[in-house]
Peer 1: 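The structure that follows is given in the form of C-alpha cells.
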Amino acid sequence: MTAKTKHAAIFLAIFLLWMKTYIVSKVSFTLPADHFLQEILLFINPLSFLVLYFSFVYLFSPSKRRSVIMWMAFIYSFILYANVVYYRFFTDFLTIPVLFQMKNVGDIGNSVYELVYLTDLFYFTDLILLACLLKKPLWHSDHSIQSKERRKFVAYGLAVLAVHIILAEINRPQLLTRTFDREILVKSLGTFNYHLYDIMLQSKTSMQKALANNIDAEEILHKNNKTTEKNPKLFGIAKGKNLIVVSLESTQNFVLNYEINGVEVTPFLNELAESSYYFSDFYHQTGQGKTSDSEFLLDNSLYPLPRGAVFQTHPLNTYNSIPKILKTNGYYSAVFHGNNKSFWNRDVMYKTMGYDQFFSEEFYKVTEENTINYGLKDIPFFQQSIPYLKELPQPFYARMIMLTNHHPYLINEEEQWVEPYPVDDGTVSRYFTTVRYADEALRQFFNELKRSGLYADSVVVVYGDHYGISERHHTAMADVLGKASITPYHQVELQQVPLFIHIPGRKGKVMETVGGQIDLKPTLLHLLGIEAKNDVRFGTDLFSKDHEELTILRNGSFITSDFIYTNETCYIKPFGAPVDISKCEPYMERAKEELDQSDQIIYGDLLRFLKVK
Ligand code: GP9
Ligand code: MN
C-alpha cells in the first residue's frame with residue numbers, strides 16, 4: 001500500500017468537506033471576490049485548515065480512526081452550519097463572545113425558528129456519503145502508519161497553510177493587525193482559520209487588562225480628550241430638566257415619510273420631525289451587541305467592541321457613564337424595558353453604569369394577550385411605564401427601550417395599521433407593519449407625557465438602535481427604495497437611523513450634519529448645561545461648531561460630509577459614484593486609530609486609572 005492510499009480515508013473526508021465549505025461560502029455567505037487572487041483564497045482557505053485538522057486523527061489507534069473521522073467531520077459541519085444560521089440574520093460570523101451570549105437564544109425562539117429550514121438537512125448529506133464510502137475497502141483507515149508518514153502529513157498541512165497565509169498577506173497587507181471588518185477576515189482566512197484566530201484574540205484581550213498600567217491609560221485617555229466649543233444658544237438650555245431617551249427598536253431612517261398605498265408608515269415620527277431637531281444623516285455604530293451596543297455608545301461615548309457585546313464581555317469595568325455624571329448633578333436615573341432583566345446582561349451592566357433603578361419585565365403585568373415575540377408589546381409597555389415615570393424623583397434621566405419592532409416582525413392582525421409591503425420577502429414585507437405599530441405606541445406615549453405635565457419639563461430624545469433589515473435582503477430593499485440594486489454605498493446609507501431631540505420651547509429643525517450614536521453623550525450633557533470635556537473620549541456635541549463630521553462605523557466604514565468609505569472604496573455623496581481613494585485617505589488612518597484606541601480603553605479597563613475629580 002502506498003503512502004497516499006494509506007491516507008485515503010482522511011483525504012476523502014478532507015475533499016468532501018473542502019468542496020462543501022467552498023460551495024457554502026458561495027451560496028450561503030455573501031463573500032464577493034473582487035479579483036482573481038481573492039477567488040483563489042476563497043477556494044483554498046478551507047483546505048489549509050482541514051489538512052492540519054485531520055492530522056489529529058493519527059493520535060488515535062487504527063481501529064478508532066473511522067469513527068474519529070466521522071466525529072470530526074460532524075463537528076466541522078455543525079460549526080459551519082451554525083455560522084450559516086447566524087449569518088442569515090446578522091450577516092456576520094460567530095465569535096467566542098457571541099457563543100457565551102447564547103443564553104439569550106432561549107428568549108429569541110421566534111427568530112431562530114424563522115432562520116432554520118428543513119432543507120438545511122442538505123448541509124449534512126456529505127456525511128452520509130462519507131459514512132458509506134468509509135465502509136468500502138478502498139477507503140479503509142485501520143492500517144498502521146509509520147510516524148515518518150504522519151509527520152509528512154502534518155508537513156503537507158503546514159505547507160498549504162504557509163501558501164495560504166502568504167497569499168492572504170499579499171492580497172491584504174497587515175491583515176491580522178489592522179482589520180476590523182470580519183467579512184474581510186473570513187474572506188481571507190476562511191471560516192475555520194478565522195475561528196482559530198478568534199480564539200487567539202480572545203486570549204489576548206483577556207490578558208490586556210492584567211497588563212494595562214497607569215502610563216498606557218494616561219497616554220490614551222489624554223490623547224482622546226477633545227475640547228469642543230459649546231453652542232452658546234443651546235448650552236444649558238435644558239438645565240435641570242428631565243431627560244427621557246427612547247430607543248426605537250430596529251428602526252432605520254428610510255421608513256420616515258414612506259407610504260404604502262398612500263398610507264404613511266410613520267405618521268407620528270413624521271410629525272415629530274417638525275417639532276424637534278431631526279438629524280437626517282445620523283448613523284448607528286453598533287456591532288454584535290445590537291441594542292446593548294447602542295445603549296453603550298449613548299451612555300459612554302465609547303465604541304462597542306469588534307467581537308461580542310461589551311455588556312456581556314466587560315460589565316465590571318469602570319465607566320464614566322451618563323447616569324454617574326448626572327448623579328453628581330442631582331439626577332435620578334432609570335431604565336424601562338419589557339423583557340427579562342438578564343437579557344444582554346443588562347441587570348449587571350446597569351449597576352456598573354450607575355443606574356438607580358431598572359424597571360424590567362417583572363415590574364409589568366405581562367399576559368399572553370399583551371406580549372408578542374420578545375416580550376411586552378410597546379403600547380402596554382408605555383401605558384404601564386407612565387405611572388412609574390411620574391413617581392420618579394425629579395430631575396430624572398429615564399431610558400425607554402422599545403421591543404415590538406424586532407425580527408421576525410410579528411404583529412396581530414387587528415394592530416396591523418398599514419398593509420405589509422408587497423414583496424416576496426416576508427421579513428421586509430412585515431417590517432413596515434411593526435414599524436407602524438411602534439409609531440402609534442410612541443404617539444400614545446407622547447400624549448401621556450403631555451397629559452402628565454412631564455413633557456414641558458423634559459428633553460425627549462428618540463433614536464433608532466440599529467438596522468432592522470440585514471444585507472441579505474438587498475433584492476427586496478432595492479424594490480423598496482426604487483433602485484436597480486443596493487451598492488456598498490447604499491448599504492452604508494441604510495445604516496442611517498432616525499434621531500430626534502425635542503427641547504421644550506424650541507422649534508423644529510432638520511439638521512443635515514453627519515453624526516452617530518457616539519455623539520449623543522456630549523450633545524445631551526451640553527443641553528443640560530454640563531461640561532462634557534473630561535468625560536468624553538470620542539464623539540462631539542452635534543450642535544457645536546466644532547462638531548467633526550466624521551462618523552465611523554464599527555466595521556471601519558465611515559461617513560464624512562462629502563464621502564462614504566466602505567469595502568476599501570471611496571464614494572462621493574450624494575449619488576455614490578466611486579472616486580479616487582485619495583479623497584478618503586485623510587480619514588482612513590484616523591478611523592482605524594479611533595476604533596483601536598476605544599478597544600484598548602475597554603480591554604485594558606483604562607478608565608479605572610482616571611483620577612476621580
Ligand atoms: C432585547 C431587545 C432586543 O431585550 O433589546 O435586542 P436586540 O436583538 O435588538 O439586540
Ligand atoms: Mn434592538
Side-chain angles (χ1 to χ4, degrees), residues 1-29 31 33 36 39-85 117-168 186 189-196:
M1 190 178 268
T2 67
K4 272 198 193 90
T5 42
K6 279 190 177 175
H7 298 306
I10 291 185
F11 283 150
L12 176 69
I14 292 177
F15 178 75
L16 289 175
L17 293 173
W18 177 17
M19 289 305 119
K20 171 162 82 178
T21 317
Y22 181 64
I23 296 168
V24 167
S25 72
K26 286 281 164 196
V27 177
S28 310
F29 305 138
L31 295 172
F36 188 58
E39 192 60 63
I40 294 183
L41 274 172
L42 268 185
F43 185 66
I44 69 159
N45 64 32
L47 183 64
S48 80
F49 175 82
L50 283 166
V51 180
L52 287 174
Y53 177 61
F54 276 102
S55 63
F56 284 97
V57 173
Y58 291 128
L59 295 178
F60 295 85
S61 64
S63 62
K64 296 215 177 87
R65 264 183 225 142
R66 192 167 55 168
S67 61
V68 171
I69 293 175
M70 281 313 300
W71 269 109
M72 289 180 76
F74 176 75
I75 293 168
Y76 181 98
S77 304
F78 184 78
I79 296 175
L80 185 65
Y81 176 65
N83 273 291
V84 168
V85 175
Y117 319 132
L118 196 61
T119 45
D120 287 352
L121 286 173
F122 278 117
Y123 286 97
F124 297 92
T125 40
D126 59 320
L127 296 184
I128 300 169
L129 182 65
L130 182 63
C132 297
L133 289 178
L134 286 187
K135 286 195 184 132
K136 300 249 178 303
L138 180 62
W139 314 100
H140 271 180
S141 50
D142 51 0
H143 36 259
S144 66
I145 299 224
Q146 289 166 1
S147 60
K148 198 176 108 203
E149 278 168 27
R150 287 183 215 169
R151 279 202 298 274
K152 228 194 232 167
F153 188 86
V154 174
Y156 290 151
L158 289 174
V160 182
L161 183 66
V163 171
H164 174 198
I165 302 247
I166 292 168
L167 290 181
V186 172
L189 297 178
T191 321
F192 287 83
N193 287 323
Y194 171 72
H195 287 320
L196 288 182

Peer 1: Looking only at non-hydrogen atoms, find the nearest pair between M72 and V57 and report the distance.
Peer 2: SD-CG2, 3.7 Å
Peer 1: Can you tell me how far the NE2 atom of H164 sits from the CD1 atom of I40, to the nearest 0.5 Å?
Peer 2: 11.5 Å
Peer 1: Answer with yes or no after comparing the ring centroid distance for Y53 and F192 against a 6.0 Å cut-off, counting only values under it.
Peer 2: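 No, the ring centres sit 6.0 Å or more apart.
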Peer 1: To the nearest 0.5 Å, how far apart are CE in M19 and CG in L47?
Peer 2: 8.0 Å
Peer 1: T21 versus F49: any side-chain heavy-atom pair under 4.5 Å?
Peer 2: no
Peer 1: Look at the side chain of N83 and the backbone N and O of L80, then say whether any donor-acceptor pair between them is shorter than 3.5 Å.
Peer 2: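 Side chain of N83 to backbone of L80, a donor-acceptor pair under 3.5 Å: no, none is there.
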Peer 1: Once rounded to the nearest 0.5 Å, what's the spacing between atom CZ of R65 and atom CG of L59?
Peer 2: 10.0 Å
Peer 1: Give the minimum heavy-atom separation between A13 and L130, together with the two atoms involved.
Peer 2: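 Where A13 meets L130 most closely, the heavy atoms are CA-CD1, 3.8 Å.
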Peer 1: Could you give the distance from CG (L50) to CG (L16), rounded to the nearest 0.5 Å?
Peer 2: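 Rounded to the nearest 0.5 Å, the CG-CG separation comes to 10.5 Å.
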Peer 1: So for atom CZ, which belongs to F36, do other residues, nucleotides or ligands contribute more than 12 heavy atoms lying within a distance under 6.0 Å?
Peer 2: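 Open.
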Peer 1: Kindly give the heavy-atom pair with the smallest separation between L17 and S77, and that separation in Å.
Peer 2: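 Residues L17 and S77, closest heavy atoms: CD2-OG, 3.7 Å.
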Peer 1: Does K20 count as lying over the ring of F122, i.e. NZ or CZ under 6.0 Å from the six-ring centre, within 45 degrees of the axis?
Peer 2: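 Negative - K20 is either too far from the ring of F122 or too far off its axis.
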Peer 1: side-chain contact (heavy atoms from CB on, under 4.5 Å), that's the test. Do K26 and L42 meet it? Break it down for me.
Peer 2: CA-CA 9 Å; K26 286 281 164 196; L42 268 185; 4.0 Å; yes
Peer 1: For S48 versus N193, what's the shortest heavy-atom pair and its separation?
Peer 2: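 That closest heavy-atom pairing would be OG-ND2, 3.0 Å.
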Peer 1: Over all heavy atoms of both residues, which pair between A8 and L138 is shortest? Give the atoms and the distance, please.
Peer 2: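 The answer is CB-O, 3.9 Å.
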Peer 1: For a 4.5 angstrom cut-off between non-hydrogen side-chain atoms, does V51 reach F153?
Peer 2: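 Sidechains of F153 and V51: in contact.
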Peer 1: Contact between T191 and V24 at the side-chain level, heavy atoms closer than 4.5 Å - yes or no?
Peer 2: no
Peer 1: Run the numbers on Y22 and N45 for side-chain contact (heavy atoms from CB on, under 4.5 Å), then give the verdict.
Peer 2: CA-CA 9 Å; Y22 181 64; N45 64 32; over 6 Å; no
Peer 1: Atom CG in L189, atom NE2 in H195: separation rounded to 0.5 Å?
Peer 2: 11.0 Å
Peer 1: Could you check whether W139 and F11 have their ring centres less than 6.0 Å apart?
Peer 2: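 No: the rings miss the under 6.0 Å criterion.
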Peer 1: Counting C-beta onward and ignoring hydrogens, is there a side-chain heavy-atom pair between I10 and I14 closer than 4.5 Å?
Peer 2: yes
Peer 1: Could you give the distance from CG (L121) to OG1 (T119), rounded to the nearest 0.5 Å?
Peer 2: 8.0 Å
Peer 1: Is the shortest heavy-atom distance from the side chain of H7 to the side chain of I145 under 4.5 Å?
Peer 2: yes
Peer 1: Measure up the F124 and Y81 rings against each other and bin them: parallel (under 30°), tilted (30 to 60°), perpendicular (over 60°).
Peer 2: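 Judged by the thresholds at 30° and 60°, the geometry between F124 and Y81 is perpendicular.
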Peer 1: Are I69 and L12 close enough, and set up right, to give a side-chain contact (heavy atoms from CB on, under 4.5 Å), and what steps lead you there?
Peer 2: CA-CA 10 Å; I69 293 175; L12 176 69; over 6 Å; no
